[in-house]
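These notes concern the structure reproduced below.
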Amino acid sequence: MPTTDIFTASPLREQRAGGVLHLYCLPYAGGSARVFNAWQQLFHPEIRIVSIDYPGRGTRIHEPLLDQVSQIADEIADTIAAERHARYALFGHSMGSIVAFETCHRLACLGGSQPELLVVSGHRGPNLPRRSPLMHAVSDERFIAYLGELGATPPDVIATDELMELFLPILRADFRACETYEPNPDRKLRVPMAVYGGLSDADVDGGALRGWQHETTGPCVVRLFPGGHFFIRDHAAIVTATLQRDLREMSAGSHGTGDSNRRH
């Protein structure tokens, strides 16, 4: 499977292949690889940002939509495994968190190299009960109103019928993927994890974030940032600086958990 069909890689200066860490970035529901377009300039050149488009979104808009986390994770895991990177890590925000989490489990099953770090952001621990209502099957009118309440979809997009006709199927597929997702509670990862959340995110508070600590036998830290659910967009400089530090510390084996719940 050609990686260019899935991944959008930002430009990077030539580096030794073994020294470059590929950071795969998975977007939230309704998002695309463009969410992470500006990140490369915020990272050291030895970290290569590889943004992922899910089928039917972004650069893959003409492909059939997938509406199951398991389907999306299978495809991403197969492609990452085929790359045979010396070093890589995964970052996912909101929906991207559970896709990245499932991708890690599938990579473990494939028997290849494991990521140096899994970063899950803006999502409760997968085995905790959901707090928000199920929305993927409600009427268009109610669904669009809910999008407005979330604040992720720009008001001018919501107000434009032609754009909503394009985006509604994508958003419904993503919501269906998230809302029908059922993790297996009897398995654990063995990779280091970092859990990021916004201090003002009413739906994903510190307790919900700490639910991820039960999902790995490796070290797991929780980081709290200023902002709400989309703190990665509103405070990108702080988030990316912290992420680079976590990548350095995990790669070097500095896995102490004494700074869990640190605020930034």
How far apart are the closest heavy atoms of Ala177 and Val69, and which atoms are they?
O-CG2, 3.4 Å

Counting N and O atoms only, with roles assigned by atom type, does the side chain of Thr216 sit under 3.5 Å from a partner on the main chain of Val191, one being a donor and the other an acceptor?
yes

Report the C-alpha distance between Arg57 and Asp174 in whole Å, list the side-chain angles of each, state the deciding distance to 0.1 Å, and finish with yes or no for salt bridge (Lys or Arg N to Asp or Glu O under 4.0 Å).
CA-CA 10 Å; Arg57 298 98 164 150; Asp174 286 349; 2.2 Å; yes

Within 45° of the six-membered ring axis of Tyr54 and under 6.0 Å from that ring's centre, is NZ or CZ of Arg60 located there?
no

State, yes or no, whether a side-chain contact exists between Leu90 and Ile80 at a heavy-atom distance under 4.5 Å.
yes

Pro192 and Met250 have their tightest heavy-atom pair at CB-SD, 3.6 Å

Main-chain N/O of Leu163 paired with Thr160 side-chain donor or acceptor, under 3.5 Å:
no

Can a salt bridge be assigned to the pair Arg130 and Asp203 using a cut-off of 4.0 Å between side-chain N and carboxylate O?
no

With a 3.5 Å distance limit and no angle check, can you tell me whether Glu179 reaches the backbone of His136 through a side-chain donor-acceptor pair?
yes

How close do Ile232 and Ser121 get, counting heavy atoms only, and between which atoms?
CG2-OG, 3.6 Å

With a 3.5 Å cut-off and no angle check, do the side chains of Ser97 and His123 form a donor-acceptor pair?
no

Under 4.0 Å between a Lys/Arg side-chain N and an Asp/Glu carboxylate O for Arg34 and Asp53?
no

Enter the distance from Arg142:CZ to Ile144:CD1 here, rounded to the nearest 0.5 Å.
13.5 Å

Donor-acceptor pair, Gln244 side chain versus His44 backbone, under 3.5 Å?
yes

With distance as the sole test, does Arg176 use its side chain to make a donor-acceptor pair with the main-chain N or O of Gln68 at under 3.5 Å?
no

same_hphob_cluster(Leu128, Val99) at 4.5 Å side-chain heavy-atom cutoff
no

Give the intermediate values and the outcome of ring-ring contact (aromatic ring centres under 6.0 Å, His included) for residues Tyr196 and Trp212.
CA-CA 10 Å; Tyr196 292 0; Trp212 285 101; over 10 Å; no

Please check if the side chain of Gln40 supplies one atom and the backbone of Ile47 the other of a donor-acceptor pair under 3.5 Å.
yes

Within a strict 4.5 Å, meaning less than it, do heavy atoms of the Arg106 and Ile76 side chains meet?
no

Looking only at heavy atoms, what is the nearest atom pair of Pro55 and Leu66, with distance?
CG-CD1, 3.6 Å

I need the single residue from Phe231, Phe36, Phe225 that forms a ring-ring contact (aromatic ring centres under 6.0 Å, His included) with His93. Which is it?
Phe231

N-O pairing of Glu215 and Lys188 below 4.0 Å:
no

Grab the two heavy atoms, one from Gly58 and one from Ser32, that are nearest each other, plus how far apart they are.
CA-CB, 4.0 Å

Between Arg187 and Glu102 (salt bridge meaning N to carboxylate O under 4.0 Å), is one present in this structure?
yes

Determine yes or no for a side-chain-to-main-chain donor-acceptor pair under 3.5 angstrom, with Arg172 supplying the side chain and Val138 the backbone.
yes

